[in-house]
Structure formats: structure tokens, C-alpha cells
Protein chains: 2
Amino acid sequence: MPHTETGFQDFPVAAFPYADRLRRSQAEMARQGIDLLIIGASADLQYLIGYAGHESERLSVLVLPRDGVPHYVVPGLEAPLLHEQRDLMEIVPWEETEDPVAKTAAVAGPAALGTIAAGDELWSVFTIRLQQAMPRAHWAEGGQLLRPLRMIKDEREIALLAEAARRTDESWEEFLTTAITGLTEWEVRDRLMGLLAARGLDPVFCNVGSGPNGASPHQTATDRAIGPGDGVVCDWGGTLEGYNSDVTRTAHVGEPSPEFVRAYEAVVAANQAAFDAVRPGAACQDIDRAARGVLTAAGYGDAFIHRTGHGLGLSLHEEPYLVEGNTLPLEEGMVFSDEPGVYFPGQFGIRIEDTVVCTTSGGRRLNDATRDLRVMG
Amino acid sequence: MPHTETGFQDFPVAAFPYADRLRRSQAEMARQGIDLLIIGASADLQYLIGYAGHESERLSVLVLPRDGVPHYVVPGLEAPLLHEQRDLMEIVPWEETEDPVAKTAAVAGPAALGTIAAGDELWSVFTIRLQQAMPRAHWAEGGQLLRPLRMIKDEREIALLAEAARRTDESWEEFLTTAITGLTEWEVRDRLMGLLAARGLDPVFCNVGSGPNGASPHQTATDRAIGPGDGVVCDWGGTLEGYNSDVTRTAHVGEPSPEFVRAYEAVVAANQAAFDAVRPGAACQDIDRAARGVLTAAGYGDAFIHRTGHGLGLSLHEEPYLVEGNTLPLEEGMVFSDEPGVYFPGQFGIRIEDTVVCTTSGGRRLNDATRDLRVMG
């Protein structure tokens, strides 16, 4: 993966918000009755201390008590990487022949008799060993604890998400100037990821579904050669200082059928309806309903087989989820995808996805790559 | 990431070993007293069913009972990806507004009153929710269950590991023909990963430590420009059909000091001593002791700050671990790294790493890139 040189440092707020985030986590722990939070390598860790960690079979966890000083139980080999975090917490290194689970339990102290939240992505092997070492603890989901913090982005986070989105839009505009007839889906994927890398993003993923393959929202790419008559669904993104972009556009090779155009226009209208529904206080499910209503009215209700969107930030998928049943009200600073789509097995699929931030005055799109149907050669 | 076109299909054994692996897992469950195994997206899943899964906030798990038919609880969106697995198991799709944890508990049936093993890498958020849905179950580590199977590689697995190693060796030989003076560590990293991609491997990682940065075994790379007098530790690898390569070589820019040469030769000797100690029946810790004995005798005992090696296969790090305290006897078909190193903070580091397979007649190196000290421009 290429190195990210952002050259992007004009942030309106402090670039070292971690002491404050740890304090706010502790306040939330008090509110939720959590005595200890244990976080391994993950976006949660990146959010809390500015270090994403190194996921491996070696236990490496932030141990945050509700009151007092955080500890970081870390393999001795990894400890030197924690440069900037040394003032935030006590470093507890363990050597190759030591038992890191016992060290973690020792750091936990009396919290081992209370409620412990584990970071959502902590591997079960660590969760189960920690449970065995602290059998009297009650275990809770760390995600529910951190959700209220991570869900609301600060100005610097929004600036990074906007810049990642802008560069991803640029990659699409450049992509549209090229011919793709005869390329395989893998080659289109490589091209789009290369265009992200050329703009200083770390490419994370690119899913390409052409022709009938576009009807499966989660396929990656195949050896299928793209040709005239194909719709091409491209869903791709990368990170800037850990913050994700996530865009989908659907192009067409050669002239599209009236049936394709009609469905495309319905998806554009659904994307717009979801966007128009964004405002503080609207329930997440209302955004989903807005998009779904448009597609249902156009006769495509059964073809829209997934939720309308997901939050994004340091994780590609995070809270809030725009899905039926989620009554969480939107707030200023929430950032999420708006990505309705229609899927016709054996025929084609269409999806259009933008990143949207909720502001006091409604939605603000971070993407502005064209949503017009573009015909490629 | 580039697409892997292996063009490498002359395998001596069946390429669809999954029904057999599931049966052997069930036999191991019976032996260990495990009633149910739950495996999410991971190398474990790839090993068991030939599909690595799609790690996300959507629960997607193989549910394997000790007796009877496996089920796969999968998001409806992801279900179409399970082409080749349909004959192995029952597919249980869940839709966006359903509760996948409840579906999993329903599939578990009476096993919810017994012992359930969770795959080591299953996210804690799923582990904890499943524990809440099946509160009477006893929970165990899936890794201990699958370890006896995954640790012993079959012929096809060894052929893939050998081919991945060979291509990684080639990348080093080509790298050595280039000049690196003035490049940053990030640029060296990009170059080596590009050389892997050019040979059809999916590049996974490349850590580059130059000069004093070489003294930290786990740093990734930095903006430091490489110049005369620097040792350069390169540790990199990629995958071929999911199987990992993992090689370390240490080059030097310009003439090395006598001190560097002496340490380098000690590391070569330690790497060789570990290799020579490999045979069926030797304890894992004996391999570590062989390397450590050489470095200690040369006066470098304190500078060898990590274990001698780790298993590799579908995971970059897996059992067996070559570390003091591990008395597990080596067996034919085990594959692991042999990677002694010395680290002098503020000065330099040296590490040499090969992949080795244990055969009836002793060790067989899968890497053969030169272990001689090479001076680069």
C-alpha cells in the first residue's frame, strides 16, 4: 500500500484531541455504569489515543478505568511505537515469555469485580481469556460506550472526511475520461485504486460489478470482461489519516436501454430524497424510508435489497445505520452514506452513494462527483 | 490491491479439501468435548470452507455442530458469494431488519446448553451478544480446536507456501540490483511491495527500518532518507491464494563497519543453528534455544529481544510459535519462520528470516534469497 502524504494540515482545531477524548470516555463510563474499558487494535483505539495498534496474536490493549490513569498493556517489541501517547497513559510492556492476560487482570484491579466493556473488534480469543482471568466481571459492548463519542465528528474529522471524499470524486472524474471496453472488473478495480493512491489516499477497497454482476451488491470483482451494453457499478474508497471515503457511481458502456435509464433516474431521485430528509432530529429510519418511498413508488421496492446507509469515519462502517427500525435521531456532526440501489438478478444493478454530514441546516454532501448517467467507451 | 492471477494449478492433491476438513474438525470437537464451533470471517473460515468471509458489523458465521450439518448464518447480501460452499452446508440468510444473533442461537439448538468454541478472531461484539443469547453455554477458544488441523500443512498448502516464498525471494534479488541511497523507507516499502505485485502476489506488508530505525523490530516505515552507513532491515510478504510469504533480509548501504559485519555473521549463524535444530520431535523452544545459544555465545544475548519464529500459512502468524516455554513437539508438515535478530537502540538492527517446513529428514527452507551481506548503492 502506498504511503499517505496528506500535505493537509490546516485544521481548525487541535490535532491532539486524545486527552479530551479519554476524559469524555470516562464520563460516559460513569453515565453507563461501566468500570473498565478494554480496547485492542482498532479504529476505536485510533480514535482514543491516535494509534491504531497492530492486530496480532500478541495481546495489546488500552485499559481505561472509569477514574484515574489509563494503562496500555503492550508487547515489549511494540512499546517503542507509542511515542506520542506516553503522556496520556502508563505503558505496561510484557516480554515474550510473560502472560499478558494476567498483566491485564492485575492492571484492572477491583474493576474485575464490576462491569467491563470490551472494544467491539477485540478478538474473541482475548475476550474469552480475559473472561477466564476475571470470572466475576460482567461484560458489556464497548461499541455502545464509544458510540455517542465517535458518532459526532469534530471539525477536524469533518475536514479530513471532506478531503478524502473530494480526492475520491477526482478519481472518478479522471476515470470517466478513459475507455474501459475490454477491461476486466479486476482491471477497473486496479485503475480506480491507483487513481486514489495517486492522490495520496491509502486505497482500501474497490468493488466492481459489470452487467449481471452489478446485481450483487457485495461482490468484489471478477475476471469478466466489460463490454457494450454493460452497466458498471463501482464502489470504492480510501483513507486520509485513517478517515474513510466511500463512493459509488454507476456508469454505462455504450447506449443504455430505456429500462436502465428509467431505473437509474429512480435511484438518483431516491438518493436525493434521502439527502433532502437529513436534518437534526430526523430518525435514522426516516432517511431510509425517504429513499425507499421513492423507489417503491417507481415500482422498484423489491429491487432495493439493503439499507440506505451507514455511518463512516475512522471505520468504513460505523454508527449511525440508516435502516428501518433505527429510531436514533440524527445530530449535527453525524456523517453517513446515502446509497440507495436497485438490483435485478441476471440483468444489472445500479447504486449511487455519497457521503453526507448532518448540519444544523440539513444535509451537506461531501461528494460532488457527477450523479448524471455517463456513457463510457 | 492488485488481483492475484496465480497461473499455478499443478497441485498434487485435491483443491477442494473442505468437506474433509469439516469432518476432521467435528472429530476434533468430539475429542475435546466441544459441542459447537462458531467461526466468522477469518483465515479459520478460509481453511474450513474455502471462503474467507467479509469482516464487517454484519454477523456472518459458520456454525458447525459436533454431529450433523453445518449452517452458515449470512447477511442476505453476502449469500450469493457462497457459490462453491452450497454443498457443504445449509445457508441461513438474514435480512437487514432481522436479528442475526437470534438466528444463530436458533441454529445452535441444544448446543446452547453445552460448550461452544468461538473462532479466535471473532469480534468481541459478536462473542458478547452470542453469550447473552446463550447464557448457559460454556465458551472455549476455537483456536485450540483448529490448531491441530491448521498446524499440519498438506502438500497443496506447502506447494503454495513454497511458491509464495520463491516469488518473494525473486523480489529481493531484483531489489538488490537497484540503488536506494536517497530513498525514504516508505519508498523502499512501495518498491518491494510493487515487486511482489508484479509477480502475482497480493502484497500484505513491508516493514523497512534503516539505520537506527532498524533497532525497532516492529516499526513500519518512516520518511527517513536512507544513506551511506545505514543497515536496512526489510521484512515483507504477500499472499498466493491466501497463503503467506514472510521474509526478512538486511542489506547495507556502503561499506559496513566491522562491528556490523560481526553482528551480521552472528545472526546468519543463529538462523542456521535454528534451521539445523528442526526435526520431528524437537520442542518448539529447542529451536529458539538453538538460535539464542549462538547469539548469547557471541555476546549478543541481550540484543535478541524476540522469539525465534512463528508458524505461517493462511495466517501470517499462527501456531506453532518458536518461543521459550513452548514444549510442543515439531511434526512433519509444520511450517514456521526462522528469524533471529539483534537490535542496538540508537545504532542499528539486523534480522534474517526464512520460512522453513519440518520434514521427516529435518528442515527444508522455502526461501533461498541470499543470506550473504549485500552492499547496496
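As a basis for the values below, the full set of heavy atoms in this structure was taken, side chains included, without hydrogen atoms, waters or symmetry mates. Quick note on labels: first sequence line is chain A, next is B, and so on, each numbered from 1.
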Residue [X] versus chain B: region with a heavy atom under 4.5 Å:
X	answer
A/Leu122	both
A/Gln131	side chain
A/His306	both
A/Thr127	side chain
A/Tyr321	side chain
A/Glu55	neither

Please flag which part of [X] lies under 4.5 Å from any non-hydrogen atom of chain A: side chain, backbone, both or neither.
X	result
B/Glu318	neither
B/Leu77	both
B/Ile128	side chain
B/Ala140	backbone
B/His310	neither

Can a donor-acceptor pair be found, under 3.5 Å and without considering hydrogens, that links the side chain of [X] to the backbone of [Y]?
X	Y	value
B/Asp288	B/Thr308	yes
A/Glu98	A/Glu95	yes
A/Trp94	A/Leu59	yes
A/Asn244	A/Thr239	no

- Query: Who wins among A/Ser56, A/Ser124, A/Pro80, A/Gly76 for the most heavy-atom pairs under 4.5 Å with chain B?
  - Reply: A/Ser124
- Query: chain B: which of A/Glu324, A/Glu96, A/Glu187, A/Gln144 shares the most heavy-atom pairs with it under 4.5 Å?
  - Reply: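 Option with the greatest count: A/Glu96.
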- If you count heavy-atom pairs under 4.5 Å between each of B/Thr220, B/Asn326, B/Val323, B/Asp120 and chain A, which one has the most?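 Heavy-atom pair counts peak at B/Asp120.
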- Name the option with the most non-hydrogen atom pairs under 4.5 Å to chain A; the candidates are B/Arg129, B/Glu121, B/His54.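 Most heavy-atom pairs under 4.5 Å with chain A: B/Glu121.
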- Indicate whether the side chain of A/Ser210 and that of A/Glu185 have a donor and an acceptor atom separated by less than 3.5 Å. yes
- Task: Could you verify whether a donor N or O on one side chain and an acceptor N or O on the other, from A/Glu339 and A/Thr248, lie under 3.5 Å apart?
- Result: no
- Message: Between B/Arg307 and A/Glu57, does any side-chain N to carboxylate O distance fall below 4.0 Å?
- Response: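 Between A/Glu57 and B/Arg307 there is a salt bridge, with a charged N closer than 4.0 Å to a carboxylate O.
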- Give a yes or no on whether a salt bridge exists between A/Arg150 and A/Glu319, defined as a side-chain N under 4.0 angstrom from a carboxylate O.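 No, this pair does not count.
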- Task: For the pair B/Leu196 and B/Asp202, evaluate side-chain contact (heavy atoms from CB on, under 4.5 Å) and give the outcome as yes or no after the intermediate values.
- Result: CA-CA 7 Å; B/Leu196 294 182; B/Asp202 267 322; over 6 Å; no
- Item | Any A/Phe348 side-chain heavy atom under 4.5 Å of A/Val233 side chain | no
